[in-house]
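Sequence lines set the chain letters: A, B, ... in the order given, protein chains first and strands last, and positions in each chain run from 1.
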Protein chains: 2
Amino acid sequence: MPDLLGGPKRGPGRPSEGVRDSILDAALALLSESGLARLTTRQVASRAGVSEASVFYHFGDKVGLLQAVVLAGLEPLKQLEPATLTGAADRPLADSLSEITSAMDSFFDRALPVVEAINGDADLRAAFAERLLERDLGPHRGVQLVDRYLTGMKELGMVETTADTHATALLIVGACFLRSWQRHLMGNDPGPELPGLTETAHAVAQLLAPRTAD
Amino acid sequence: MPDLLGGPKRGPGRPSEGVRDSILDAALALLSESGLARLTTRQVASRAGVSEASVFYHFGDKVGLLQAVVLAGLEPLKQLEPATLTGAADRPLADSLSEITSAMDSFFDRALPVVEAINGDADLRAAFAERLLERDLGPHRGVQLVDRYLTGMKELGMVETTADTHATALLIVGACFLRSWQRHLMGNDPGPELPGLTETAHAVAQLLAPRTAD
DNA sequence: GTCTATAGGTTGATAGAC
DNA sequence: GTCTATCAACCTATAGAC
C-alpha cells in the first residue's frame with residue numbers, strides 16, 4: 001500500500017494491522033455518522049484510503065463487511081462483563097447503583113449507533129439477532145447482571161427481602177437504555193430532558209431500602 | 001407541492017385520492033418489514049399498484065415520501081394522550097400500572113418499526129428529531145404522563161410520599177421500551193425473555209407502596 | 001494483496017402521451 | 001392525475017495487471 005505522504009496514522013497510538021482494519025474503521029465511522037442507507041462500498045474504500053476492490057477481497061461482499069462491523073461494534077460489551085459488580089455491605093446502595101447505571105449508559109452510547117444502523121435493514125437485523133442468540137447476548141444479559149447484583153445485596157440485608165430483583169433489574173436497565181436511545185435519536189439538541197442517571201439511581205436505592213424499622 | 005398530512009379535500013366526503021393513500025400504506029408496510037435500506041420508490045409503487053411516476057407526483061421526491069410516512073407512523077402517539085390516566089383510589093395500584101404499561105407496550109410495538117427504520121439514515125433521523133421537538137413529542141412525554149399519574153396517586157395516599165415520581169416514571173417507561181425494543185430486534189425468536197409486563201407492574205406497585213405501619 | 005478498469009444491474013427522477 | 005418509456009448516475013462485484 002502506497003502511503004508515501006504522511007499516510008494512514010500507523011504510529012504508536014494506532015497499531016492498526018493494515019488495510020483490513022482501516023476498512024473496518026471507515027465502515028464503522030460511516031455507519032455511525034451517516035447510517036446504513038448511505039453506506040456504500042465506494043465510500044468506505046474512499047474513506048479508508050484503499051481501493052474498492054480491497055473491500056471485496058477482505059470481506060467477500062457488502063454483507064460480509066457489515067457483519068464484521070457489527071462484531072467489532074459489539075466489542076464494548078465485554079467491558080460490561082466484570083464480576084466486580086458484587087456489591088459491598090459498607091457502601092451505600094445508591095453509590096453502587098450509580099456506578100452500574102453509568103457503566104451501562106456509556107456502553108449503550110457506544111453500541112447503539114451500530115445496532116441502530118443495522119436495524120434499518122431487516123435481513124441484517126435478523127442476522128444480527130441470530131448472532132446475539134448463539135452468543136447468548138442481548139438486553140437480557142444486562143438484566144441478569146443487575147439482577148444478580150441486587151440478589152447479592154438482598155442477601156447482605158441492604159435490599160428489602162420482598163423486592164422482585166428480576167423486575168427491578170429490568171427497570172434499571174430499561175431506564176438507562178431509554179436515556180441512551182433518546183440521546184442517540186435527538187443528537188445535538190436533546191430537547192426536554194429525562195431524569196438524570198444519579199437521580200434515578202438514588203430513587204431506586206430508596207425504593208429498595210429495607211422496610212424494617214422505619 | 002402536495003400537502004403532507006392534511007387531506008386533499010377533494011370533494012365533500014373525500015372518498016377519492018386512493019392513489020396517495022395506497023402509496024403511503026405501501027411505503028409504511030415496506031418500511032416495517034424490510035427496513036429503510038431496501039425501500040425504493042419502485043418497490044413502493046409496485047406494491048401500491050401504481051406507477052412510479054405517481055409517487056413523485058404526490059410526494060415530490062423520496063425524502064418527501066419518507067417524511068409523510070413518518071408522520072403517518074407517528075399517528076398512534078395520539079392514542080397515548082388520554083387524560084383517562086388519572087388513578088382511582090379504589091383500585092389496586094398494580095392494576096392501574098398494568099394497564100398503563102400494557103398501553104405503552106402496544107404503542108411502542110406500532111411506532112418502533114417506523115422509528116427504527118428512520119434511525120438508519122442520519123439525515124432522516126435529524127429531520128425526524130426536529131419534528132419531534134417542535135411538536136414537543138418524544139420519550140419524555142411518556143415519562144411526563146406516568147409521572148403525573150404517580151403524583152396523583154401519591155396525593156391519594158396510595159404511593160409512598162418520599163418516592164421520586166419522576167425517576168420512577170422513567171423506570172417504568174424504560175422497562176416497557178426495552179421490552180418492545182428487544183421484541184423488535186429479535187423478531188420471531190425472542191430468545192431469553194425479560195420479566196413480563198404484569199410482573200414488572202406488580203414489582204413497581206410493591207416498591208411504591210406507602211411505608212406507613214408495616 | 002492491492003491496484004485500475006469495467007461490466008451489469010438498480011436507482012431516483014423526468015418527459016410527454018392520454 | 002396517471003401512465004409508459006427512458007436517462008444519467010450510482011451501486012455491487014469481477015477481471016486482470018503488477
Side-chain angles (χ1 to χ4, degrees), chain A residues 1-5 7-8 10 15-27 30-31 34-70 117-118 120-124 127, chain B residues 1-4 6-11 13-27 30-31 34-70 117-118 120-124 127:
Chain A
M1 207 213 351
D3 55 323
L4 301 174
L5 271 170
R10 203 85 33 97
S16 172
E17 241 292 306
V19 175
R20 202 193 132 95
D21 286 338
S22 305
I23 295 174
L24 268 184
D25 287 347
L30 280 174
L31 212 56
S34 305
L36 177 66
R38 300 258 169 105
L39 186 87
T40 69
T41 53
R42 195 161 296 186
Q43 274 191 341
V44 170
S46 164
R47 178 126 173 187
V50 303
S51 83
E52 204 178 349
S54 293
V55 175
F56 290 94
Y57 173 80
H58 283 286
F59 300 97
D61 59 3
K62 194 184 179 185
V63 175
L65 168 64
L66 286 169
Q67 286 183 342
V69 171
V70 168
I118 290 302
D121 183 273
D123 288 357
L124 270 176
Chain B
M1 195 64 61
D3 48 352
L4 286 183
K9 272 68 178 187
R10 233 310 232 306
R14 94 148 275 240
S16 55
E17 274 307 333
V19 173
R20 204 195 126 95
D21 288 337
S22 304
I23 295 174
L24 267 184
D25 288 346
L30 280 174
L31 211 57
S34 305
L36 178 65
R38 300 266 170 99
L39 187 86
T40 68
T41 54
R42 200 157 292 188
Q43 273 190 343
V44 170
S46 163
R47 178 124 172 191
V50 303
S51 84
E52 202 179 350
S54 292
V55 174
F56 290 93
Y57 174 80
H58 282 285
F59 300 97
D61 58 4
K62 195 185 179 185
V63 175
L65 168 64
L66 285 170
Q67 286 183 343
V69 171
V70 168
I118 290 301
D121 183 272
D123 288 356
L124 271 176

Distances under 3.5 Å between protein N/O atoms and the N/O atoms of nucleotides 13-18 of chain C, please, pair by pair.
residue, atom, partner, partner atom, Å
dA13(C), OP2, Lys62(B), N, 2.9

Taking all non-hydrogen atoms of both residues, which atom of [X] and which atom of [Y] are closest, and how far apart?
X	Y	answer
Thr41(B)	Val55(B)	O-CG2, 4.3 Å
Phe56(A)	Asp61(A)	CD2-CA, 4.0 Å
Ala48(B)	Ser22(B)	CB-O, 3.6 Å

Query - Val50(B), nearest nucleotide to its side chain (from dC3(D), dG1(D), dT2(C)) - result: dC3(D)
Nucleotide [N], atom [atom2] - distance to [atom1] of [X] in whole Å:
X	N	atom1	atom2	result
Tyr57(B)	dG1(D)	OH	P	5 Å
Asp121(A)	dT12(D)	CG	P	12 Å
Ile23(A)	dT12(D)	CD1	C1'	15 Å
Phe59(A)	dA13(D)	CZ	C1'	16 Å
Arg38(A)	dA9(D)	CZ	C1'	15 Å

**Report entry** side-chain N/O Ser51(B) vs dT2(D) OP1/OP2, d < 4.0 Å
**Finding:** no
**Report entry** OP1 or OP2 of dC3(D) under 4.0 Å from side-chain N/O of Ser54(B)
**Finding:** yes
Requested in this report: With rounding to the nearest 0.5 Å, note down the distance linking CG in Leu66(B) to CG in Leu124(B).
Outcome: 5.5 Å
Query raised in the report: Got a second to check how far Leu30(B)'s CG is from Asp25(B)'s CG, nearest 0.5 Å?
Result: 11.0 Å
Query raised in the report: For residues 36-52 of chain B, which residue pairs qualify under salt bridge (charged side-chain N to carboxylate O under 4.0 Å, His left out), counting only residues two or more places apart or in two chains?
Result: Asp121(A)-Arg38(B), Asp123(A)-Arg38(B), Glu33(B)-Arg47(B), Arg42(B)-Glu52(B)
Query raised in the report: Across the strands shown, which category fits Leu39(B) at heavy-atom distances under 4.0 angstrom: base, sugar-phosphate, nothing?
Result: sugar-phosphate
